Every structure is written in structure tokens, then in C-alpha cells.
J.: 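The structure follows.
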Amino acid sequence: EDPELLAAFEARVAADDFIEPKDWMPDAYRKTLVRQISQHAHSEIVGMLPEGNWLTRAPSLRRKAVLLAKVQDEGGHGLYLYCAAETLGTSREDMIDALHSGKAKYSTIFNYPTLTWADIGAIGWLVDGAAIMNQVPLQRTSYGPYARAMVKVCKEESFHQRQGYEIMMAMANGTPEQKAMAQDALNRWWWPSLMMFGPPDANSPNSAQSFRWRIKRDSNDDLRQKFVDITVPQADYLGLTVPDPAVTWNEVKGGYDFGEVDWEEFYAVVRGEGPTAKERLKARREAWDNGAWVREAADAHEAKRRARLAA
Ligand code: ACO
């Protein structure tokens with residue numbers, strides 16, 4: 001790579017300029033962005049499944065309408081992000097192939113089952129809450145199309161977080177059985193939510209380079225800490241308890257101490273061994289196969305249109 005181009009690129013990044021699709025960029029920058037943005041897109045798309053599972057069983061018409069809107073938003077985020085990745089020269093087909101063949105990663109969080117309605121509350125509150133924590137700083141990530149996509153995504157994620165917390169409030173203030181369901185959902189989703197931020201900084205192979213290129217703005221551990229600090233008082237307000245006896249306020253650091261994430265479980269889920277991993281990929285492959293007729297019809301329509309234009 002031309003050292004002058006590289007130096008100019010690094011100076012622009014250091015000055016907080018946005019890098020745009022037609023600008024020169026190092027191959028490794030392009031590659032790591034395709035990696036992160038496509039994983040992010042897959043997460044949004046696979047993330048529609050655990051909640052979509054409850055659309056037919058939402059407890060009221062209002063809950064159903066809200067959940068439907070939320071799941072559709074996630075689909076929109078995925079499509080936005082695939083477009084952002086395409087500006088880097090990759091194709092939608094390649095990204096989707098990588099997902100369906102099990103080669104591409106997507107967030108570990110979507111490999112856990114949604115057992116009760118309270119899980120829909122817990123996902124909105126915790127999973128979307130964690131997603132916002134990670135995505136707000138990405139509005140200033142150095143690649144322009146990714147940063148701009150995050151602006152709309154974050155606005156919608158905050159609606160998702162509120163709808164989840166509102167479900168939790170209703171459940172936590174409901175019958176003793178409903179409150180128990182809310183606590184059970186918190187117990188099951190707490191640790192997987194902490195895993196969303198990625199491995200500890202000391203074991204995060206991509207962090208150093210991504211910081212240098214300002215793709216990443218905050219570290220995995222810093223965001224995890226911030227999430228715990230904001231979420232523990234929210235659990236208190238609900239009258240629920242986070243499933244970690246080590247959670248204690250630490251006056252000196254001005255944040256909560258908390259226990260160690262089960263990193264063995266995290267790496268197993270990253271390897272594709274999560275409780276619902278097979279089911280998720282099967283659902284995505286089937287959706288793709290069942291949509292073949294739409295792609296074929298669009299191709300046939302385009303061929304006719306061209307033939308008409310040529311005639
Ligand atoms: N689930 C699956 N894989 C993960 C997770 C996770 N929770 N956390 C880290 N990994 C993977 C990384 O992708 C990386 O694998 P790779 O090198 O093969 O791509 C590996 O573990 C090591 O992690 P890091 O070196 O820390 O990777 P990175 O610097 O990319 O940081 C992070 C990981 C924080 C997830 C980053 O990629 C990111 O901010 N992504 C955008 C946000 C996102 O994808 N959110 C998805 C869930 S939220 C949602 O809205 C649906």
C-alpha cells in the first residue's frame with residue numbers, strides 16, 4: 001500500500017473526518033468494516049426470530065401492534081446495514097451465503113429461546129438497551145455510511161428499549177405469578193446481555209486496530225460497565241433483582257462491581273453451539289428458499305422491461 005495514501009488516510013481519521021465509499025482506504029480497514037457491519041446486519045435479521053415467535057401470542061391487540069412495529073424495525077436495520085456493507089464492495093449474496101453456511105457470526109444473544117411473554121419485555125429492556133449502549137458511539141464511527149445508518153437505528157432502538165421496560169413494569173406490578181415471570185426472564189437474559197459487548201478487552205483481538213481507525217469508540221468492558229451502572233437501578237425500580245450476588249455499589253469507582261461472565265459459555269455460543277442456534281439458521285435458510293419465487297419474478301420482470309426498452 002502507498003505510504004503517502006496511508007498517511008493521508010490516517011490523518012483524516014485522526015481529525016475525525018468521515019471516510020466515504022469512494023475514498024481511498026487500506027484493505028484491512030475495508031475488510032474489518034465488512035466483517036463488523038455484516039455481522040451487525042445478520043444480528044438484526046436473526047434478531048427478528050426470537051420476538052417474531054411471540055407475535056401470534058401477544059396478550060392484546062395493542063401489544064401485538066407495538067411488537068410488530070418493533071420486529072419490522074429490526075428488519076429495516078438489517079437491510080440498511082447490508083446496504084452500508086455493500087458500499088464497501090461486497091455483495092448481498094455473499095453476505096447472506098456466509099450467514100446461511102454458518103461461516104458468518106451474528107450476536108450470541110439471539111441463540112437463546114423466548115419462553116414466556118416476559119422474555120419480550122426483558123429483550124426490549126436489556127437486549128435493546130445493550131444494543132443502544134454499543135450503537136450510540138457508533139454514530140461517530142469513522143466510516144460515513146455506517147455512522148449515518150446508526151442515527152436512525154439508535155432512535156428506533158430507544159423506542160424498543162422503552163416498550164420492553166414498559167412490559168416489565170406491567171409484569172412486575174401485576175399478579176405474583178406475573179412478577180415471578182418477570183424475575184425469571186431477568187434471570188435468564190441478564191448474563192447473555194452482558195455477553196453482547198464482546199470478550200474482555202484483554203482478549204479482544206480486533207480492538208486495538210479498530211480504535212486506531214476510530215471504527216470503535218469505546219471498549220467492550222467500558223460499555224459493559226456502563227450498561228450495568230444504568231440497568232441495576234432500573235431493576236431496583238421494578239422490584240426485581242439481577243441474578244448476580246456480586247453486584248455492589250463501589251463508591252470509589254462510582255459504579256457497580258459485578259461478577260465474572262461465563263466466558264466458556266460465550267465462546268461456545270460464538271462457535272454456534274447456542275441453545276437455539278440450529279433453529280435460527282434453519283429458519284433463515286427456509287425464509288430464503290421460500291422467497292425464491294419473489295427473486296425469480298423480479299428477475300423475469302426486469303428481463304421483460306429490458307426487452308421492451310430494446311424493442
Ligand atoms: N456475539 C457474537 N460474536 C461476538 C460477540 C457477540 N456478542 N462479541 C464479539 N464477538 C466476536 C467478534 O465479532 C470477533 O469475531 P471476528 O473477529 O471473527 O469477527 C470476536 O468475537 C472477537 O471480538 P472483538 O475482537 O472484541 O471484536 P470487535 O472489535 O468487532 O467487537 C463488537 C465486537 C463490540 C460486537 C463489535 O463488533 C460491534 O460493536 N459490532 C456492532 C454492533 C453489533 O453487531 N450489535 C449486534 C447485536 S445488537 C442488535 O442490534 C441486534
Side-chain angles (χ1 to χ4, degrees), residues 28-29 31-52 70-71 73-82 84-85 95 98-99 102-112 123-124 126-143 146-147 149-150 152-161 164 189 191-227 261-263 265-274 277 280:
Y29 178 83
K31 234 171 125 187
T32 201
L33 276 170
V34 168
R35 175 187 68 78
Q36 177 166 330
I37 300 173
S38 64
Q39 286 177 5
H40 193 165
H42 298 324
S43 303
E44 302 280 359
I45 297 294
V46 177
M48 297 169 79
L49 297 169
E51 290 176 294
K70 188 226 187 243
V71 172
D73 285 350
E74 306 294 1
H77 298 173
L79 298 182
Y80 243 56
L81 286 162
Y82 283 131
M95 289 185 273
L99 175 67
K103 216 174 84 198
K105 292 193 173 74
Y106 59 88
S107 184
T108 45
I109 193 74
F110 301 117
N111 292 308
Y112 293 87
I123 290 181
L126 302 172
V127 174
D128 292 272
I132 299 173
M133 200 63 76
N134 160 277
Q135 286 167 188
V136 163
L138 290 176
Q139 295 177 94
R140 291 180 300 112
T141 192
S142 57
Y143 188 57
Y146 192 24
M150 284 303 109
K152 182 175 186 325
V153 167
C154 285
K155 283 188 187 149
E156 293 180 349
E157 295 292 4
S158 34
F159 150 62
H160 301 165
Q161 196 272 352
W189 289 95
W191 291 106
S193 298
L194 296 191
M195 294 176 193
M196 287 176 70
F197 297 97
D201 294 347
N203 298 322
S204 164
N206 298 305
S207 278
Q209 185 58 264
S210 287
F211 271 126
R212 241 164 70 81
W213 281 333
R214 303 207 174 170
I215 292 171
K216 227 167 165 165
R217 293 298 198 150
D218 295 84
S219 87
N220 298 1
D221 285 332
D222 286 351
L223 290 173
R224 192 166 14 248
Q225 177 71 52
K226 216 167 148 185
F227 176 76
V261 171
D262 180 349
W263 294 113
E265 175 180 327
F266 168 79
Y267 287 113
V269 181
V270 172
R271 285 195 305 270
E273 295 163 20
R280 299 284 183 251

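Given the structure is predicted, the values throughout are model-derived calculations rather than measurements. The residues of the chain are indexed from 1 along the displayed sequence. Start at 1 and go down the list; that is how both ligands and their atoms are numbered. Computation of the quantities below employed the complete heavy-atom set of this structure, encompassing side-chain atoms and omitting hydrogens, waters and symmetry-equivalent molecules.
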J.: Could you tell me the residue and atom name of the protein heavy atom closest to atom 1 (N) of ligand 1, and the distance to it rounded to 0.1 Å?
T.: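 Of the protein heavy atoms, Thr108 N, 2.9 Å lies nearest.
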J.: Quick check: do Asp128 and Lys70 have side-chain heavy atoms less than 4.5 Å from each other?
T.: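 Side chain of Asp128 against side chain of Lys70, heavy atoms only: contact under 4.5 Å found.
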J.: Is there a polar contact between ligand 1 and Met195, counting only N or O atoms under 3.5 Å apart?
T.: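 Indeed, backbone or side chain, Met195 has an N or O that close.
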J.: A side-chain contact here means heavy atoms from C-beta on lying under 4.5 Å apart; do Ile132 and Ser158 qualify?
T.: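 Ile132 reaches Ser158 side chain to side chain.
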J.: Any donor-acceptor pair under 3.5 Å linking the side chain of Ser43 with the backbone of Ser107?
T.: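 Looks like yes, one N/O pair under 3.5 Å.
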J.: What do you reckon, does Phe266 have a nitrogen or oxygen under 3.5 Å from a nitrogen or oxygen of ligand 1?
T.: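 No; the residue has no nitrogen or oxygen that sits under 3.5 Å from a nitrogen or oxygen of the ligand.
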J.: Could you check whether any side-chain heavy atom of Val46 comes within less than 4.5 Å of a side-chain heavy atom of Leu99, counting everything from C-beta outward?
T.: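 Yes, side chains in contact.
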J.: Test your reading of the model: is there a side-chain donor-acceptor pair from Asp201 to the backbone of Asn220, 3.5 Å cut-off?
T.: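 Here the side-chain-to-backbone pair exists.
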J.: Could you check if a side-chain atom of Met196 sits within less than 4.5 angstrom of a side-chain atom of Val127, using non-hydrogen atoms only?
T.: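 With C-beta onward as the side chain, the pair touches.
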J.: To which protein heavy atom is atom 22 (C) of ligand 1 closest, and what is the distance rounded to 0.1 Å?
T.: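 Of the protein heavy atoms, Pro205 CD, 3.7 Å lies nearest.
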J.: For ligand 1, note which part of Tyr146 has a heavy atom under 4.0 Å away: side chain, backbone, both or neither.
T.: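 Looking at Tyr146 and ligand 1, just side chain atoms fall under 4.0 Å.
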J.: Among Cys154, Pro199, Ser107, which one has a heavy atom closest to atom 21 (O) of ligand 1?
T.: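 Selected option, by shortest heavy-atom distance: Pro199.
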J.: Only one of Lys155, His160, Lys152 forms a side chain to side chain donor-acceptor pair (under 3.5 Å) with Asp73, so which one is it?
T.: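 Going through the options one by one, the only one that passes is His160.
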J.: Does only the side chain of Asn134 get under 4.0 Å from ligand 1, or the backbone, or both, or neither? Count heavy atoms.
T.: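 Asn134 to ligand 1: side-chain contact only, backbone stays beyond 4.0 Å.
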J.: Please confirm whether Gly47 comes under 4.0 Å of ligand 1, counting heavy atoms of the residue only.
T.: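 No, Gly47 has no heavy atoms under 4.0 Å from ligand 1.
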J.: If you have a sec, work out which protein heavy atom is nearest atom 2 (C) of ligand 1 and how many Å separate them, to one decimal?
T.: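 Checked against all protein heavy atoms, atom 2 (C) of ligand 1 sits closest to Tyr106 O, 3.4 Å.
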J.: Measuring only between side-chain heavy atoms, which start at C-beta, is Phe197 closer than 4.5 Å to Asp222?
T.: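 The answer is no, as the side chains (C-beta and beyond) never meet within the 4.5 Å cut-off.
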J.: For the residue pair Phe266 and Thr108, establish whether any side-chain heavy-atom pair is separated by less than 4.5 Å.
T.: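 Yes, at least one pair of side-chain atoms sits under 4.5 Å.
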J.: Touching ligand 1 at all, Phe211? Heavy atoms, strictly under 4.0 Å?
T.: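 In this structure, Phe211 fails to qualify as a contact of ligand 1 - no heavy atom is under 4.0 Å.
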J.: Starting from atom 28 (P) of ligand 1, which protein heavy atom do you reach first, and at what distance in Å?
T.: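 Sorting protein heavy atoms by distance from atom 28 (P) of ligand 1 puts Lys216 NZ, 3.4 Å first.
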J.: Does ligand 1 have a heavy atom under 4.0 Å from the side chain of Gln36, from its backbone, from both, or from neither?
T.: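 Side chain only; the backbone of Gln36 stays clear of ligand 1.
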J.: Do His42 and Met95 touch side chain to side chain, with heavy atoms closer than 4.5 Å?
T.: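 In contact.
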J.: For atom 17 (O) of ligand 1, what's the nearest protein heavy atom and its distance?
T.: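 Looking at atom 17 (O) of ligand 1, the protein heavy atom closest to it is Asn206 ND2, 3.0 Å.
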J.: Out of Gly198, Ala131, Ala41, Gly272, who gets a non-hydrogen atom closest to atom 8 (N) of ligand 1?
T.: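 It is Gly198 that holds the nearest heavy atom.
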J.: For the side chain of Ser210 and the backbone of Asn206, is there at least one donor-acceptor N/O pair under 3.5 Å apart?
T.: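 Yes.
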J.: Among all protein non-hydrogen atoms, which one is nearest to atom 26 (O) of ligand 1, and what is the separation to 0.1 Å?
T.: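 So the nearest neighbour among protein heavy atoms is Ser204 OG, 2.7 Å.
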J.: Is there any N or O on Ser210 that sits under 3.5 Å from an N or O of ligand 1?
T.: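 There is no such contact.
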J.: Please determine whether any non-hydrogen atom of Glu74 lies less than 4.0 Å from an atom of ligand 1.
T.: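 Flag not set, Glu74 not near ligand 1.
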J.: Say whether Ser43, considering both its backbone and side-chain N or O atoms, lies within less than 3.5 Å of an N or O atom on ligand 1.
T.: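 In fact, backbone or side chain, Ser43 has no N or O that close.
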J.: Could you check atom 16 (P) of ligand 1 against the protein and tell me its nearest heavy-atom contact, residue, atom and distance included?
T.: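 Heavy-atom neighbour on the protein nearest atom 16 (P) of ligand 1: Lys105 NZ, 3.6 Å.
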J.: Answer whether the closest heavy-atom distance between the side chains of Leu81 and Glu44 falls below 4.5 Å.
T.: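 When only atoms from C-beta onward are counted, Glu44 and Leu81 do touch, with a gap below 4.5 Å.
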J.: Provide the number and element of each atom of ligand 1 under 4.0 Å from a heavy atom of Phe110.
T.: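 Here the atoms of ligand 1 in question are 51 (C).
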J.: Identify the protein heavy atom lying closest to atom 35 (C) of ligand 1, giving its residue, its atom name and the separation to 0.1 Å.
T.: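 Among all protein heavy atoms, the one nearest atom 35 (C) of ligand 1 is Met196 O, 4.2 Å.
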J.: Test of understanding: given a 4.0 Å heavy-atom threshold, classify the contact between Asn220 and ligand 1 as side chain, backbone, both, or neither.
T.: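 Side chain only.
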J.: Excluding sequence neighbours, so at least two apart, what forms salt bridge (Lys or Arg N to Asp or Glu O under 4.0 Å) with Lys105?
T.: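 Here no residue qualifies.
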J.: His77: heavy atom below 4.0 Å from ligand 1, yes or no?
T.: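 Contact check His77 vs ligand 1: negative.
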